[in-house]
Amino acid sequence: MTKKYDPKKVETKWQKIWETENAFAAKNSSKKPKFYYLIEFPYPSGAGLHVGHLRSYVALDAMARIKRMQGYNVLYPIGWDAFGLPAEQYAIKNHIHPAEAVKQNIVNFKKQIKTVGISFDWDREINTTDPKYYKWTQWQFLQFYKHNMAYKDKKEINWCPNCKIGLSNEESSGGVCERCGGKVEKRLKEQWMLRMRDYAEILLKGLDKTEFIDRVKNAQIEWIGKSEGATINFPIKGRDEKISVFTTRPDTIFGATFIVISPENEFITKNIDIINNKKEVWKYQEKASEKSDIERTDATREKTGVLLEGVVAINPVNNKELPIYISDYVLNDYGTGAIMAVPAHDSRDYEFAKKHGIEIIQVIEGGNIKQAAYEGDGKHINSDFLNGLDQANAIAKIVKYLSDNNLGEKTINYKLQDWVFSRQRFWGEPIPMIYCEKCGWVPVPDKDLPVKLPEIKSYAPTDDGESPLARITEWVNTVCPKCGGKAKRETDTMPNWAGSSWYWLRYMDPDDENTFASEKAMKYWNMVDYYNGGMEHAARHLLYARFWHNFLYNQKLVPFPEPFKKRVAHGMILGPDGLKMSKSKGNVINPDNVIEDVGADTLRCYEMFIGDYKEDAAWTDNGLYGCKRFLDKIWNLQNRLNNKKGYTKELETLINQTIEKVTNDINSMKYNTAVSSLMILTNAYDKEKTITKKDYRTLLHLLNPICPHITEEINEECKLGKTLYLSDWPQYDNNVIEQADKKIAVQVNGKMRALIIVPSSFSENEVVSKAKEAVNKYLLGKKIKRVIYIEGRLVNIVVD
RNA sequence: GGGCGAAUGGCGGAACUGGUAGACGCGUUGGACUCAAAAUCCAAUGGUAGCGAUACUGUGAGGGUUCGAUUCCCUCUUCGCCCACCA
């Protein structure tokens, strides 16, 4: 009789072995082919590891373990993305330095991950809050600055009065603060910006070099938001002044009946002296600034606006006078912040025109303009030299006309904005800049990096919105590196996204003190082959990371332009109630408890079996226990071993099929069916009185990537062969699969009527005649019109 | 409003490239073991009719293509995600 299965004992034993032997360390040079798996490194929160984290860690762990057994030099690293608000807020509340809180959380996370037996290369562990790491984040920021890619700009930013923090467009989408959920206001503030917009085209084109899943690619394309059109200049009557508008439909210019500019458009301030209804305009501007983005962008809202009295624009193609309105349906940060309104062919302009009683001129045939704007294609009318042309030809002609006459030009626009890179917070990388009254902004010299965060007592932001660093005069006051005079440090810190915008590079060479990663290491590891993360990061993080990397490439600081070859996304693990797990709902599953209860291998197995990896799936304890029974069954097979060599004849085909299926399924992230096929194989073994050592070992080997502890233990205990993780991954014999008897479905008129089993050597005629025999009673008195034969699968007999 | 995706038993989910629908697991029911329970094992399990072999029906709804449709095409419904007054 075998020993009882004690998961804890088994798992601790093997985890210790892997640690002592440093079993999963990647080598920076090797004759083996390389493979780089990357999971999004976690934020080490106080709540501890989540079963959702583990779903992706285990998934890539299984892939990584197979790849190693297939002879690859695999890099599968982990680290900590530890800057950010939660640690800071925890620190404010508990009067503990965020670094201390982070340190404690990391200890806990690490302990938790280790009990799951993920084959991370712990030698390469990194931490974004470690000065040795953020030295290079700062250094890279200075590269942006030195190449004129970082600039300071006083601009309207999204301001969260609650968090007292400036937010990027992305972080305040919907007019709501991403962190606290509060309403976002507009506020002017000097901010460091990165010229991400300059990289819009590169980021778009770069997607061709990747194999991201379509969902992710679309998210990227959507976010970059490229559109082609024209900029057209509308002169102001009686003034040496003009309004530039951006339009994707320059062909409709003869239908323009008014101009709309955004309430923030600088045209207003510049020309305020000639505006007759200043007060009304100011009032509208004030109201607009109070509105949150969510109110402003609610498309169902009525289109309000104010006419600028005393100012008139001229349509450059026909000299028609056009009134100018300000309205908040025009966005200041897209295009030129001004549009030519063509109510006949744009539904928003149509709505506005109807409300304000403005003329509507149809310039394209089609639709019913009395009822709604017509946005489709058609023959141009009322359009002078464009008459008779369709949209594409009219656009080409008008664009040429505009540029020939110096009235405008072809323009490409992107929704993508420059990256607001400043945060008025303590717990982030200090931006390594010094302000000198004499010299202006001066970068901190490389030799003085990193600019470390000081030890301070209070981490709360100041009420005026300055970083808490601004209060530490001994830290702020410094000397100018250029002239040696008195100067002050920048007190803003970097956003949370900074540290995660290059971390995959540091993994390649985590201990290098002279560079962020040596060229040799980067050339060797090259692109991340497989990058797993959540859909919530498919737009922003991925865009920032690609931008950062492409920039470094353009400065010849990294040897390849795109960081990630393949990006895949996992589904969430939901609570047993089918809702997203959250403390407040009390539906959180703690992995520690699960491991205590059933062991890590069962947890791993269940997380892979729970459902389609790409989709969300709800946790059920019963499903977990099902996996426990599966492992118990495998453990108990130890009693069935015989002394025969090779595979059991009756099992040979199934074993070979299972090797093929498991290998392919795990490689294509179909973990649930991989587990399922191993369950089928186990059930087949269970039906046999005895099995051979080779039968058993192959099953264990195939399960090893998903359940590494129990499989190694049995393999060792029963002396089945070499330690599994050091052995070659099983190969299947295709001949065995092909020579197996074939199950053939027999249909009559497309209806399933019988199932026959035929030797693989049977010819078509033999199969068909056997099939006819099997369904004879359905054929009596019928005339066979046709027989369809699909080799190895089915015979369909078509009768009258 | 736009884009993408999804819809299969009581539940999670399988099904290659158009070829046995419901694998595998859970749950449920019946049985074995037990003084009893747990655990384990065996059997059944889409629906309807039938003692039964079996027949019919069945992948959100309706139509189409095909020898054959969960899979392809058209129309519609519902849900999810992402984007959203982007000119």
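All chains are named by letter (A, B, ...) in the order of the sequence lines, taking the proteins before the strands, and each is independently numbered beginning at 1. Please read these numbers as outputs of a predicted model, since none were measured by experiment.
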Rounding to an integer number of angstrom, what distance separates [N] and [M] when you compare their [atom1] atoms?
{"N": "B:rU65", "M": "B:rU75", "atom1": "C1'", "result": "15 Å"}
{"N": "B:rG9", "M": "B:rG19", "atom1": "C1'", "result": "23 Å"}
{"N": "B:rG22", "M": "B:rU70", "atom1": "C1'", "result": "11 Å"}
{"N": "B:rA43", "M": "B:rA49", "atom1": "P", "result": "27 Å"}
{"N": "B:rG12", "M": "B:rG63", "atom1": "C1'", "result": "32 Å"}
{"N": "B:rG3", "M": "B:rC76", "atom1": "P", "result": "13 Å"}
{"N": "B:rU20", "M": "B:rA15", "atom1": "P", "result": "13 Å"}
{"N": "B:rA87", "M": "B:rU66", "atom1": "C1'", "result": "47 Å"}

Phosphate OP1/OP2 of [N] contacted by [X] side-chain N/O (<4.0 Å):
{"X": "A:R629", "N": "B:rG27", "answer": "yes"}
{"X": "A:N664", "N": "B:rC16", "answer": "no"}
{"X": "A:T673", "N": "B:rA23", "answer": "no"}
{"X": "A:R215", "N": "B:rG3", "answer": "no"}
{"X": "A:N622", "N": "B:rG27", "answer": "yes"}
{"X": "A:K217", "N": "B:rG3", "answer": "no"}
{"X": "A:R249", "N": "B:rA87", "answer": "no"}
{"X": "A:N218", "N": "B:rC83", "answer": "no"}
{"X": "A:K777", "N": "B:rA53", "answer": "no"}
{"X": "A:Y625", "N": "B:rC26", "answer": "no"}

Identify whether any heavy atom of [X] sits under 4.0 Å from a base atom; if not, whether one sits that close to sugar-phosphate; answer base, sugar-phosphate or nothing.
{"X": "A:K670", "value": "sugar-phosphate"}
{"X": "A:G626", "value": "sugar-phosphate"}
{"X": "A:D612", "value": "sugar-phosphate"}
{"X": "A:N672", "value": "sugar-phosphate"}
{"X": "A:D349", "value": "nothing"}
{"X": "A:L794", "value": "base"}
{"X": "A:N683", "value": "sugar-phosphate"}
{"X": "A:I744", "value": "nothing"}
{"X": "A:T247", "value": "sugar-phosphate"}

Which of these nucleotides, [options], is closest to any side-chain atom of [X]?
{"X": "A:S676", "options": "B:rC41, B:rA23, B:rA55", "value": "B:rA23"}
{"X": "A:N796", "options": "B:rC67, B:rG13, B:rC16", "value": "B:rC67"}
{"X": "A:Y778", "options": "B:rC16, B:rU54, B:rA23", "value": "B:rU54"}
{"X": "A:D328", "options": "B:rU20, B:rC24, B:rC85", "value": "B:rC85"}
{"X": "A:R793", "options": "B:rU20, B:rC16, B:rC85", "value": "B:rC16"}
{"X": "A:Q747", "options": "B:rC85, B:rC83, B:rU20", "value": "B:rU20"}
{"X": "A:L331", "options": "B:rA55, B:rC85, B:rU20", "value": "B:rC85"}
{"X": "A:V798", "options": "B:rA87, B:rG12, B:rC67", "value": "B:rC67"}
{"X": "A:M679", "options": "B:rA87, B:rC24, B:rU20", "value": "B:rC24"}
{"X": "A:I339", "options": "B:rC83, B:rA87, B:rG25", "value": "B:rA87"}

Watson-Crick or G-U wobble partner for [N], using a 3.5 Å limit on both distances?
{"N": "B:rA87", "result": "none"}
{"N": "B:rG18", "result": "none"}
{"N": "B:rG10", "result": "B:rC26"}
{"N": "B:rA61", "result": "B:rU75"}
{"N": "B:rU54", "result": "B:rA49"}
{"N": "B:rG3", "result": "B:rC81"}

Q.
Check this for me, if you would: do A:K4 and A:D6 make a salt bridge, where the nitrogen-to-carboxylate-oxygen distance has to be below 4.0 angstrom?
A. no

Q) Should A:D686 and A:R640 count as an ion pair when the cut-off is N to O under 4.0 Å? A)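 Yes, this pair counts.
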
Q) When the ring centroid of A:F352 is compared with that of A:Y325, is the distance short of 6.0 Å? A) yes

(Q) Measure NZ/A:K785 against C1'/B:rU66 and give the value in whole Å, please. (A) 13 Å

Q) Tell me: CD of A:Q417 to P of B:rA84, nearest whole Å? A)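 Computing the A:Q417:CD to B:rA84:P distance gives 11 Å.
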
